[in-house]
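Here is the structure we will look at.
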Amino acid sequence: MNETIGSQALMEALLHENVSLVFGYPGGQALSIYNALYEYQNRLEHILVRHEQGAVHAAQGYARVSGKTGVVVVTSGPGIANTITGIADAMIDSTPVVVIAGQVSTSLLGTDAFQEIDVIGVTQPITKWAYQVRNAEDIPWAVARAFYIASSGRPGPVVLDITKNAQTGCLSYRPAAITHIAGYTPVPEMEPEAIAQAAQLINKANRPLALVGQGVVLGKAETELLAFLRKAGIPAASTIMGLSALPSGEPLNMGMLGMHGNVAPNLKTNECDVLIAIGMRFDDRVTGDVNTYARQAKIIHFDIDPAEVDKNIKVTVPILGNVKETLPAVTALLQPATHDEWRAAFALPQEKEMQTVIRPELFPTTGPLKMGEVVHRVSEATGHNAVLVTDVGQNQMMGLRYFKFTQPRSVVTSGGLGTMGFGLPAAIGAKLGAPERTVCLFAGDGGLQMTIQELGTIMQSDIAVKIILLNNNFLGMVRQWQELFFEERYSATVMKNPDFVGIAAAYGIPGRKVSRREELDGAIREMLETKGAYLLEAQVVQKGMVYPMVPAGASITAPIMK
């Protein structure tokens, strides 16, 4: 077999993993990789971002909507260091990403050579696997192992640190395949006894409630989830990461859980007799005070990761495995039920929230524009068929509360890490991962400016992202906490902002700023009808609040409503 240099072998290995798109930024220790990429540009599309953090967030958005593994290529030193936030974000939100970094030659390792950092030492705590490739012949094996680890079991990020001599060295390339790693069990074996115990608890339940997490989406188990819920008449609510696992219009869908979630499912969590957690990890923003959380309920926990069982909440029956397999196994043993009386009990708190919070937010008649009404009107205008991408803050919670979904894989947000600046590059990746779908990004004036340079990526690669900027001239969510818990001491949260529409125009992106309610529908229509990217800046109420809100550490049954 003809000899191949390491960087060419890397390209072949990526193609062998069915990679067609990579995000990245070149630099000194990745020049050999980029030189090889030049010869493969017809088969491997490269998206040139404007900052390496943006590359990882874009890869995350791509992975979330496509179900594939996102790929990033960067250089050594500051190049890989700039990816750390994105890698940590991908780890906590279980997003499959492979980050490939150039590194100095093996002979220079440990000498503090120009642009050398200890990549493995820095990234190991925030990855599923981090590995330094020092020999060209190890590249096919390392790439195959990286993709297997990143995408199997509970997904997550992997880092490959490839030294310069490995990139330029020669090998006889043969594609590698990894289907098993000693000591690594990505999917635990399903236990029939646990399946039977869970079914028995559900069959005896009078007030069952299901909590739906991202594990359903990652397991591609949306159809199995619906069959499970409908057979037993179980009402369900979702974490922010699991929101589009159920269509918004599904009668059993009771809304969103957590700190800014819907009142009814939060209250009923502490009234149900059987709580069924499906692919979620009992995050503190969902549970509130764990000492008062679902104390009355028998708890069934479906999860692929044994480390999550009993970590935050003690459960009655753990069911380990992929929910695409474990859910149908339980469903087969369920007795048909409707639980009409229990489901009807959600109506009273739903109506209270509608009157106190939702109607005033979505349908105001006077005063400045509200964040929620902008989100609602955009969702309506897209027929609820768009992909929602959010940044972090009030824009995020309003987007998640009021955007509606008809299709799975329709939510891209930074859940566990809460990374401001996530939204714009993630929306780029989401559009490339689902080019046939409308992608709507909701961002605040603070978060947008953290990665605003990625407008250059949109310009260069002609990516049709619809950007809705909810501008309140504040770091809104921090200001909300300052108002509620720090006596309105607005320390470092007032924002003096630039001309956002003018900045977008400089990148060749059309836009419009609206502040009056009667302008909004026309502006949204113009945005959606414009070919390519568009920036719609909505000047919203300065001191808007996201309600309901369960204060940190409080019981989920004690939300602030207004």
Side-chain angles (χ1 to χ4, degrees), residues 237-241 243-244 248 255-263 266 285 353-354 356-364 367-382 384 386-405 410-415 418-424 426-427 439-448 466-481 483-484 493 495 514-515 517 520-521 523-524 527 535-550 559-562:
S238 300
T239 68
I240 65 171
M241 300 297 290
L243 271 176
S244 63
S248 300
M256 187 172 88
L257 297 162
M259 178 176 280
H260 293 288
N262 295 112
V263 173
N266 280 344
R285 290 295 173 100
E353 182 180 357
M354 179 62 73
T356 307
V357 177
I358 298 175
R359 282 205 175 97
E361 182 66 34
L362 300 192
F363 307 108
L369 287 170
K370 294 197 171 186
M371 289 179 280
E373 79 174 300
V374 177
V375 172
H376 171 70
R377 293 210 201 177
V378 172
S379 185
E380 289 278 315
T382 63
H384 312 306
V387 175
L388 168 70
V389 184
T390 80
D391 206 84
V392 167
Q394 289 183 317
N395 64 87
Q396 176 185 34
M397 291 300 119
M398 288 296 189
L400 296 168
R401 279 183 58 81
Y402 298 120
F403 212 79
K404 303 302 178 187
F405 312 104
S410 293
V411 177
V412 181
T413 193
S414 174
T419 304
M420 289 182 68
F422 172 88
L424 184 57
V439 173
C440 293
L441 162 67
F442 288 89
D445 43 312
L448 183 65
K466 309 302 182 182
I467 305 162
I468 303 95
L469 170 60
L470 303 176
N471 186 358
N472 56 14
N473 295 107
F474 265 108
L475 296 177
M477 188 59 85
V478 181
R479 182 210 56 78
Q480 175 166 333
W481 281 61
E483 180 166 327
L484 292 174
T493 48
M495 297 284 286
V514 297
S515 58
R517 189 158 287 114
L520 184 57
D521 285 339
I524 293 170
M527 174 183 72
L535 173 69
L536 172 58
E537 178 183 356
Q539 191 68 52
V540 296
V541 58
Q542 274 205 308
K543 295 184 179 180
M545 305 290 275
V546 184
Y547 289 133
M549 179 181 183
V550 178
I560 301 170
M561 298 286 283
K562 61 180 179 179

Applying side-chain hydrogen bond (donor to acceptor under 3.5 Å, both in side chains), can you list everything that pairs with [X], at least two apart in sequence or on another chain?
| X | answer |
| --- | --- |
| Thr493 | Gln482 |
| Glu361 | none |
| Ser238 | none |

Heavy-atom side-chain contact between [X] and [Y] under 4.5 Å:
| X | Y | answer |
| --- | --- | --- |
| Leu424 | Asp391 | no |
| Gln394 | Leu470 | no |
| Tyr402 | Val374 | no |
| Leu257 | Asn266 | yes |
| Phe442 | Val378 | yes |
| Phe403 | Val411 | no |
| Met561 | Val357 | yes |
| Met371 | Asn395 | no |

Grab the two heavy atoms, one from [X] and one from [Y], that are nearest each other, plus how far apart they are.
| X | Y | value |
| --- | --- | --- |
| Thr382 | Cys440 | CG2-SG, 4.1 Å |
| Gly399 | Val375 | CA-CG1, 3.9 Å |
| Ser379 | Lys404 | OG-N, 3.1 Å |
| Ser414 | Val392 | CB-CG2, 3.9 Å |
| Val412 | Ala426 | CG1-CB, 4.1 Å |
| Ile524 | Ala381 | CG2-CB, 3.6 Å |

query: Could you walk me through whether Arg401 and Ile358 pass the side-chain contact (heavy atoms from CB on, under 4.5 Å) check?
result: CA-CA 10 Å; Arg401 279 183 58 81; Ile358 298 175; 3.8 Å; yes
Which value, rounded to the nearest 0.5 Å, describes the distance between [X] atom [atom1] and [Y] atom [atom2]?
| X | Y | atom1 | atom2 | value |
| --- | --- | --- | --- | --- |
| Ile468 | Met527 | CD1 | CE | 4.0 Å |
| Thr413 | Leu400 | OG1 | CG | 5.0 Å |
| Glu483 | Met545 | CD | CE | 4.0 Å |

Output a table of donor-acceptor pairs, distance under 3.5 Å, between side-chain atoms of residues 537-544 and any protein atom two or more places apart or on a different chain; print 'none' if there are none.
| from | atom 1 | to | atom 2 | distance (Å) |
| --- | --- | --- | --- | --- |
| Glu537 | OE2 | Asn471 | ND2 | 2.8 |
| Gln539 | OE1 | Lys513 | NZ | 3.4 |
| Gln539 | NE2 | Asn471 | O | 3.2 |
| Gln539 | NE2 | Asn473 | OD1 | 2.9 |

Name all residues meeting the side chain to side chain contact (heavy atoms under 4.5 Å, CB included) criterion together with [X]; count only those two or more places apart in sequence or in a different chain, and write none if there are none.
| X | result |
| --- | --- |
| Ser410 | Ser244, Phe405, Gln407, Arg437 |
| Ala427 | Val389, Val439, Leu441, Val465 |
| His376 | Leu362, Phe363, Glu380 |
| Met495 | Asp445, Gln449, Leu475, Asn497 |

task: Report the residues that fulfil salt bridge (Lys or Arg N to Asp or Glu O under 4.0 Å) with Arg285, sequence neighbours left out, ordered by chain and then residue number.
output: none
message: My understanding is that only residues two or more places apart in sequence, or in another chain, count here; which of them pass salt bridge (Lys or Arg N to Asp or Glu O under 4.0 Å) with Glu373?
response: Arg377, Arg517
task: Verify, without hydrogens or angle tests, whether His260 (side chain) and Pro548 (backbone) share a donor-acceptor contact under 3.5 angstrom.
output: yes
message: Tell me if a side-chain donor or acceptor on Thr356 pairs with a main-chain N or O of Glu353 at a distance below 3.5 Å.
response: no
